[in-house]
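To keep things clear, I will list the structure first and then write my remarks on it.
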Amino acid sequence: SLLLIITIQIASKFYVICALNSVERPAIGSSRSPTSTALSSVFRIHETFLDGAEWASVQKFQSNGAPNNKVRSPAGKMEVVVGSILDTSEKVVGVRADASTDMPVVALEKDCFIYQESLAVIPSSYSEKDYDAIIMTLVASLASVHCARPIASRVGGSSSDFIKSDGKVVVVGGSDHALFAARGLAALGMDVFLVSTGNARVDDKRITVLNPAVGEMEIGFCTYINKFDSIVDTVSDESTNIEFDDAVEDWRKSGVLTLLRTRHNCEQYISTMTESQKIVEDRGLLFGPGKVKDHLRRVSKNSARATLICPPSGFGKSVQTLLENGVTFSWKTDGNTMIRSWSVPQFWELASWPRDAAGSNVRFGFPVVDDLDTISNEIKMFEQAEKDEENEGTQEIRKGSSNPFIEEISGVNGLAKKIVEEKKNALLFLSAPFCRTCKSLSPGYTRLARTRQEDDFLFAKADTSGPIGKELGRKLDVNSVPMFLLFRDGKRFGTPLSINKLPSKTLHQALEYLATGAEWDADALDAIKDSEKKR
């Protein structure tokens, strides 16, 4: 009996030591300290994948959030685990960690670890039937929500990037996935603009729904929003066109991403287009779906070739915020392998999206590349503007040079907000820095505005040079300067007037039509203009 008791005691101690080793032992070669947190049980483990442009977008945030563009594989893989913590019985979800990782982890049963940065506590309102949706929410939110958060580069002189707690984010698309991204970003405190060709309905005041062409003037959505931090493209992938590479000063893919940065201060372009979406786009609805099935089988079969995804910093907190706000997303799966595929609404939205006539096959609303010199000059102007903003003296000079009688209009967006939406009666002077006649007209235009202050007119001036000015000229169908345009109640009134000298009887008569509410008399104005020429 005594021998039996001793044997049992030794066996018990050996079992406890083994159990501690299996739960708390860090990976070989790891410098991290072992954690005392363990899960009492693992409820579900799913192997999940990202591919296509969505995976390419996530690759930039590998290695704990630091950009890592060296990772190249057809897909990214992560095992998502749902379980409960031993001490608190809290249900959690997270990404299973590679055994050799140096990143902080939380130990689970046996030899299972999850990345600490991916750990999210599941609210008590969720039950076992919600586990699959919770796992899919984690997977879908990585690119479309977490990686899309605005970044403030080198804050306070730091050499690293800093995630902003607010900002403007544009979500392109009207599918369920796009709505999920918009709601998720709004839950994280962002001001969100959802752009869709359909009638997307969102019951959230933080989300503004727009069409690709906005307002009566049908302004492109990027021009209308003007400045924003990030864009999430759930419909297609603009990075597959051409892109300017600052490092080698050469063309790599497309100018759209560069123009988003230089014209709209957009530092983050995230495409969530899957490889399945791309296949259906290329093959069409007749042959595409069959090719998609073949692709999904290959991904599952070649699971070992996929790159293990390392969650970016703070990812678990983002997921937990979504769960706490009831923002979830799920899709139909085939078997135990989870990979987002494609949907008919996404296909039709891409097919029906209007194209920009001036920008080849670029979707309307995205900035358009005019030529190679244009974008190269824009980069230089953008860099100079950043330097000027840091120079307080330059800003003071700009403020002091404003004209109290003339309203400066910047591009289509400025025209829409200051004249069209305000339904103003206005006279707009279109000019350019290289136009000598325009410069000679400026003093006379100021005198005209000063002497007619009793009229309920807005006297405005716009520069038609540069990409923003050229876009305004195209919108107004004006290809030469100087040119004067009139607006009545925010709408175009009459025809453009080419005036080379002020004061002008022709312009005076046109203003009388505007002031008195009379109809535009083109014949009378032509007669006045002819008489002025004879003099």
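Any value given below was found using the heavy atoms of this structure, including those in side chains, with hydrogens, waters and symmetry copies removed. Note that the structure is a prediction, hence the values are computed from the model and not measured.
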### Query
Any ion pair linking Asp132 and Arg44 (charged N to carboxylate O, less than 4.0 Å)?
yes

#### Entry: Met78 and Arg96, any side-chain heavy atoms less than 4.5 Å apart
no

### Task
Output the distance between atom OG (Ser84) and atom CD1 (Ile122), rounded to the nearest 0.5 Å.
9.5 Å

### Query
Short question: side chain of Thr223, backbone of Val412 - any donor-acceptor pair under 3.5 Å?
no

### Cation-pi geometry met for Lys91 and Tyr131 (6.0 Å, 45°)
no

### Task
Determine whether more than 12 heavy atoms belonging to other residues, nucleotides or ligands lie under 6.0 Å from atom CZ of Arg206.
yes

### Task
Could you tell me whether the side chain of Thr272 reaches within less than 4.5 Å of the side chain of Asp233, counting heavy atoms only?
no

### Summary
Rounded to the nearest 0.5 angstrom, the OG1-CG distance for Thr48 and Leu142 is 9.0 Å

### Task
Taking all non-hydrogen atoms of both residues into account, name the closest pair between Ala213 and Glu218 and its distance.
CB-CB, 3.7 Å

### Query
Side chain of Asp229, backbone of Gly167: donor and acceptor closer than 3.5 Å?
no

### Message
Within this structure, what is the CE-CD distance for the pair Met273 and Glu238, rounded to the nearest 0.5 Å?
### Response
10.0 Å

### Task
Just do the side chain to side chain contact (heavy atoms under 4.5 Å, CB included) check on Phe315 and Ser141 with the steps written out, would you?
CA-CA 9 Å; Phe315 178 47; Ser141 66; 3.7 Å; yes

### Message
Checking the side chain of Trp353 only, and the main-chain atoms of Phe364 only, is there a donor and an acceptor separated by less than 3.5 Å?
### Response
yes

### Message
Working note: Leu210 + Leu194, criterion side chain to side chain contact (heavy atoms under 4.5 Å, CB included); need CA distance, chi angles, decisive distance, verdict.
### Response
CA-CA 6 Å; Leu210 301 173; Leu194 181 68; over 6 Å; no

### Query
Do Tyr269 and Ser271 touch side chain to side chain, with heavy atoms closer than 4.5 Å?
yes

### Task
Return the minimal non-hydrogen interatomic distance between Thr197 and Pro354, and the atom names on each side.
CG2-CD, 4.2 Å

## Note on the structure
Closest non-hydrogen contact found for Val171 with Ala181 is CG1-CB, 4.3 Å

### Message
Can a donor-acceptor pair be found, under 3.5 Å and without considering hydrogens, that links the side chain of Ser300 to the backbone of Arg297?
### Response
no

### Message
Using every non-hydrogen atom in the two residues, find where Ile207 and Ala186 come nearest and quote the distance to one decimal.
### Response
CG1-CB, 4.0 Å

### Close side-chain approach of Ile231 and Gln268, heavy atoms under 4.5 Å
no

### Message
With side-chain hydrogen bond (donor to acceptor under 3.5 Å, both in side chains) as the criterion, how do Glu324 and Thr321 come out once you've worked through the C-alpha distance, each side chain's angles and the decisive distance to 0.1 Å?
### Response
CA-CA 5 Å; Glu324 289 172 350; Thr321 299; 4.9 Å; no

### Query
Is the Phe366 to Phe221 ring centre distance short of 6.0 Å?
yes

### Task
Would you check if Arg363 and Val235 make a side-chain contact, meaning some heavy-atom pair closer than 4.5 Å?
yes

### Query
So Phe329 and Trp331, would you call those rings parallel, tilted or perpendicular, with 30° and 60° as cut-offs?
tilted

### Query
Distance-only, no hydrogens or angles: does the Thr208 side chain make a donor-acceptor pair with backbone N or O of Phe193 under 3.5 Å?
no

#### Entry: Inter-residue atom distance Cys266.SG - Leu257.CG, 0.5 Å rounding
8.5 Å

### Message
I'd like to know if Glu47 pairs up with Lys77 as an ion pair, taking the criterion as any Lys NZ or Arg NE/NH1/NH2 lying under 4.0 Å from an Asp or Glu carboxylate oxygen.
### Response
yes

### Query
What closest approach, in Å, do Ile219 and Lys475 show between heavy atoms, and which atom pair accounts for it?
N-NZ, 4.3 Å

### Task
Apply the test side chain to side chain contact (heavy atoms under 4.5 Å, CB included) to residues Ile134 and Thr328: give CA-CA distance (whole Å), side-chain angles for both, the deciding distance (0.1 Å), then the verdict.
CA-CA 7 Å; Ile134 290 171; Thr328 60; 5.7 Å; no

### Ile270/Ser230 under side chain to side chain contact (heavy atoms under 4.5 Å, CB included): CA gap, chis, key distance, verdict
CA-CA 8 Å; Ile270 303 292; Ser230 306; 5.9 Å; no

## Note on the structure
To the nearest 0.5 Å, atom OG of Ser352 lies from atom CZ of Phe347 at 10.0 Å

### Query
Should Glu349 and Ser196 be marked as a side-chain hydrogen bond (donor to acceptor under 3.5 Å, both in side chains) after you check the CA-CA gap, both sets of side-chain angles, and the distance that decides it?
CA-CA 8 Å; Glu349 182 152 33; Ser196 172; 2.8 Å; yes

### Message
So His177 and Arg340, do their side chains get closer than 4.5 Å, heavy atoms only?
### Response
yes

### Query
Are Val139 and Phe49 side-chain neighbours, meaning at least one heavy-atom pair lies under 4.5 Å?
no

## Note on the structure
What one should report as the nearest heavy-atom pair of Ser118 and Val95 is OG-N, 2.8 Å

### Message
Whether the side chain of Ser144 engages the backbone of Ala140 through a donor-acceptor N/O pair (distance < 3.5 Å, no angle test) should be reported.
### Response
yes

### Query
Is the side chain of Tyr126 donor-acceptor paired with the backbone N or O of Leu323 at a distance under 3.5 Å, no angle test?
yes

### Task
Inspect the contact between Arg298 and Asp294 and indicate whether a charged nitrogen and a carboxylate oxygen are less than 4.0 angstrom apart.
no

### Main-chain N/O of Leu260 paired with Arg263 side-chain donor or acceptor, under 3.5 Å
no

#### Entry: Pairing of Glu117 and Lys317 as salt bridge, 4.0 angstrom limit
no

### Query
How are the rings of Phe228 and His264 set relative to one another: parallel (under 30°), tilted (30 to 60°) or perpendicular (over 60°)?
parallel

### Test item: Val106 and Tyr115 side chains (from C-beta on) under 4.5 Å apart, heavy atoms
no

### Query
CG of Asp130 to CD1 of Ile135: how many Å apart, nearest 0.5 Å?
11.5 Å

### Task
Test Ile279 against every option in Glu275, Gln277, Glu281 by the side-chain contact (heavy atoms from CB on, under 4.5 Å) rule and name the one that passes.
Glu275

### Query
Has Lys293 got more than 12 heavy atoms of other residues, nucleotides or ligands less than 6.0 Å from its NZ?
no

